[in-house]
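Keep in mind the model is a prediction, meaning the values are calculated, not measured.
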Amino acid sequence: QTPWVTEVYQSYFNQCKGSMLQQGMSDHKANGVCYCLASGFSKEFGMEQYDYLRAATPNPNGTIYDRKLYKIATNCVKK
């Protein structure tokens, strides 16, 4: 997969962090979780599958994209 371009990575990270902070997560924890998510999604989905990521939902029994999203998200939130 082609890694995300800087603009896509930064945009995802910023949206993620804002969402995590709104949910009451500390700044430090939000940075770690969102870095993990952005890095994992960039590696696993790349630019080629970015639209599939956007349409996916974290479901261990869903489509291949749902399962990839679930695996990455679960691992990042556990850290």
Side-chain angles (χ1 to χ4, degrees):
Q1 303 293 348
T2 305
W4 288 356
V5 294
T6 302
E7 294 81 9
V8 171
Y9 187 98
Q10 195 65 50
S11 176
Y12 179 85
F13 179 88
N14 290 339
Q15 288 177 338
C16 174
K17 185 173 177 183
S19 176
M20 296 298 170
L21 293 173
Q22 284 180 344
Q23 294 175 47
M25 190 176 283
S26 72
D27 188 68
H28 179 74
K29 177 78 173 171
N31 279 336
V33 169
C34 293
Y35 173 78
C36 179
L37 290 171
S39 298
F41 292 158
S42 175
K43 179 181 176 186
E44 289 297 318
F45 288 89
M47 288 304 300
E48 295 84 354
Q49 298 176 356
Y50 182 76
D51 290 336
Y52 293 108
L53 166 64
R54 303 284 295 173
T57 57
N59 180 347
N61 302 311
T63 69
I64 188 168
Y65 304 109
D66 293 344
R67 294 192 304 268
K68 282 172 48 168
L69 185 147
Y70 177 83
K71 180 180 176 187
I72 295 164
T74 301
N75 288 336
C76 290
V77 173
K78 285 181 182 174
K79 292 182 177 185

ask   = Do Ser19 and Gln15 have side-chain atoms, one donor and one acceptor, less than 3.5 Å apart?
value = no

Heavy-atom closest pair, residues Asn61 and Asn59 = N-OD1, 2.7 Å

remark   = Ala30 and Leu21 have their tightest heavy-atom pair at CB-CD2, 4.1 Å

message = Glu7: which residues meet the side-chain contact (heavy atoms from CB on, under 4.5 Å) condition with it, sequence neighbours left out?
response = Val5

query = According to the ring-ring contact (aromatic ring centres under 6.0 Å, His included) rule, which pairs have a member within residues 19-39, sequence neighbours left out?
reply = none

query = Do any pairs count as a salt bridge (charged side-chain N to carboxylate O under 4.0 Å, His left out) and have a residue in residues 51-65, sequence neighbours left out, and if so which ones?
reply = none

ask   = For the residue pair Trp4 and Tyr9, what are the closest heavy atoms and their distance?
value = CE3-CA, 3.7 Å

message = By the salt bridge (charged side-chain N to carboxylate O under 4.0 Å, His left out) test, which pairs, at least two apart or in different chains, include something from residues 13-23?
response = Lys17-Asp27

key: Spatial distance of atom NZ (Lys71) from atom SG (Cys76) [nearest 0.5 Å]   = 11.5 Å

request  = Please name the pair of heavy atoms, one in Pro58 and one in Leu69, separated by the smallest distance, quoted to 0.1 Å.
outcome  = CB-CD2, 3.2 Å

inquiry  = I need the minimum non-hydrogen distance between Leu37 and Cys16, along with the two atoms involved.
reply    = CD1-SG, 3.8 Å

key: Tyr50, OH: over 12 other non-hydrogen atoms inside 6.0 angstrom   = yes

ask   = Tell me the salt bridge (charged side-chain N to carboxylate O under 4.0 Å, His left out) pairs involving residues 58-67, sequence neighbours left out?
value = none

ask   = Can you tell me how far CG of Leu53 sits from CD of Glu48, rounded to the nearest 0.5 angstrom?
value = 12.5 Å

Donor-acceptor contact below 3.5 Å, side chain Gln1 vs main chain Ser42 = no

query = If you group Ile, Leu, Val, Met, Phe, Trp and Tyr by side-chain heavy-atom gaps below 4.5 Å, do Met20 and Tyr70 land in one group?
reply = no

query = Tell me, which pairs form a salt bridge (charged side-chain N to carboxylate O under 4.0 Å, His left out) where one or both residues lie in residues 30-44, sequence neighbours left out?
reply = none

inquiry  = As a quick check of understanding, evaluate side-chain contact (heavy atoms from CB on, under 4.5 Å) for Ile72 and Phe45, giving each step before the final call.
reply    = CA-CA 11 Å; Ile72 295 164; Phe45 288 89; 4.2 Å; yes

